[in-house]
Enquirer: 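The structure's right below; bear with me while I get my questions together.
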Amino acid sequence: MKPLIIPVFIPNQGCPNVCIFCNQKKITGMTDLPGRDDVRRVIEEGTKGDGSLFYRKKSDKKKENRPLFSLFSASLNKPQRNTCFKEVAFYGGSFTGLDLKYQEELLGEGKKAIDSGLIEGIRISTRPDYINERVLKTLKAYGVRTIELGVQSFSDRVLESSKRGHNSSCIFNACEIIRESGFNLGIQLMMGLPQDSEETLIDSAEKAIGIKPNFVRIYPVLVLKDTELEELYLKGEYKPLSMEETIRIGKVMVKGFYMAGIPVIRFGLQPTDTINPDKDVIAGPFHPSLRHIIDSELAFEKMKMVIEANELSGRQVSFSVPKKEISIFQGIKKENIGRLKEVFGLRGIHFVVMKNAETGFSLPVR
Ligand code: SF4
């Protein structure tokens, strides 16, 4: 069973400062603050049979909840026992930095929906320095089950350059008390912040794995209009990751999470009316199918490894893969097929649907 997330966006509220890369108003595409009635309406509409949502188009919701590829046995198709299946999510800004009365107004509406059986829990996103025992107690009382932390990096140098306003020990502390208090923990990481390097990125992924979150999201940095990062970029003082670097390093990070059994529920910002190169994306590794590219690269490596280990050069090979992963194994524009044929001189490659399997990998050889 896949989780249904019903999002309510609260743009750039509750933040003590503006991080160098952030234009939250543009990311969420709205500036009005939702109130109690909006939350009720979103929950009612989001839990209807058609799953239509108030603040998000149907097509976006479908993408959010699509099945996730899990080459290394990490998938939302196998949710952990403590994962809720229907949650209203207060995203954008820093929820626990909002005025307490406003927080309680929104949470109260969520709690009513929990008590009436419409949803099973509440999910919020916030900053590590806005988590403490008192905050967690309030969240618990209203039925919050999942906390997504905007960690971005575990490098103090990177955090400082990005004007995050907290250091890595604050992150470790927040993660620890969130886990100890029995919440589901999600970690958001960014790639390519100022002062980032391949080493800091891999190190951040390793540290995140060590914390054992329930899931992660990874966002390669895009230079957005009207941000401080845009100014630095235009002055030549900041250079975003190239697409090649993003795929090469992102692949290592994602593979690490898969191997640790940690679902990567998003890689790359979702394109919207404003998040696209014709609007607010000034520079950076933007691609609407970044996640598909990363997964296809991992699938290529997996097939390459199998062909090498079984000495299949010059042969005709069939791979048995779950139906929903066939396009991932074939690669964008079926590139993986051409690459493998070229590297190993294969006579042909075929994909057959693995029966009775959600995810997995096997190899019948003809
Ligand atoms: S804490 Fe999050 S929402 Fe607030 S300014 Fe920083 S990135 Fe934007």
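No hydrogens, no waters, no symmetry mates; every other heavy atom, side chains included, goes into these values. Order of listing sets the numbers, starting from 1, for every ligand and every atom in it.
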Enquirer: Would you say N276 and T272 make side-chain contact, with heavy atoms under 4.5 Å?
Expert: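 The answer is no, as the side chains (C-beta and beyond) never meet within the 4.5 Å cut-off.
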Enquirer: For atom 6 (Fe) of ligand 1, decide whether C22 has an N, O or S atom at a distance under 2.8 Å.
Expert: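 Here the distance criterion (N, O or S atom, under 2.8 Å) is not met by C22, so no.
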Enquirer: In terms of atom number and element, which parts of ligand 1 are under 4.0 angstrom from non-hydrogen atoms of R127?
Expert: 1 (S)
Enquirer: Is the positively charged end of K140 above the ring of F183, judged by distance under 6.0 angstrom from the centroid and angle within 45° of the axis?
Expert: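 Positive - K140 is close enough to the ring of F183 and near enough to its axis.
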Enquirer: So, 4.0 Å and heavy atoms of Q152: is ligand 1 close enough to count as a contact?
Expert: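 Q152: no contact with ligand 1 (<4.0 Å).
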Enquirer: Are V223 and V158 co-members of a hydrophobic cluster defined by side-chain heavy atoms under 4.5 Å apart?
Expert: yes
Enquirer: Closest by any non-hydrogen atom to atom 5 (S) of ligand 1: pick that one out of G97, C19, G165.
Expert: C19
Enquirer: Answer yes or no as to whether an N/O/S atom of C15 is found below 2.8 Å from atom 4 (Fe) of ligand 1.
Expert: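 Yes - counting backbone and side chain alike, C15 has an N, O or S atom under 2.8 Å.
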Enquirer: What do you reckon, does S94 put a non-hydrogen atom under 4.0 Å from ligand 1?
Expert: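 Yes.
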Enquirer: Which of parallel (below 30°), tilted (30 to 60°) and perpendicular (above 60°) describes F172 and F154?
Expert: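 Tilted: the ring planes of F172 and F154 meet at 30° to 60°.
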Enquirer: Compare every heavy atom of E297 with every heavy atom of K251, then report the nearest pair and how far apart it is.
Expert: CD-CB, 3.4 Å
Enquirer: Are D99 and K101 ion-paired here, with the side-chain N under 4.0 Å from a carboxylate O?
Expert: no
Enquirer: Numbering the atoms of ligand 1 from 1, which are under 4.0 Å from a heavy atom of F21?
Expert: 7 (S)
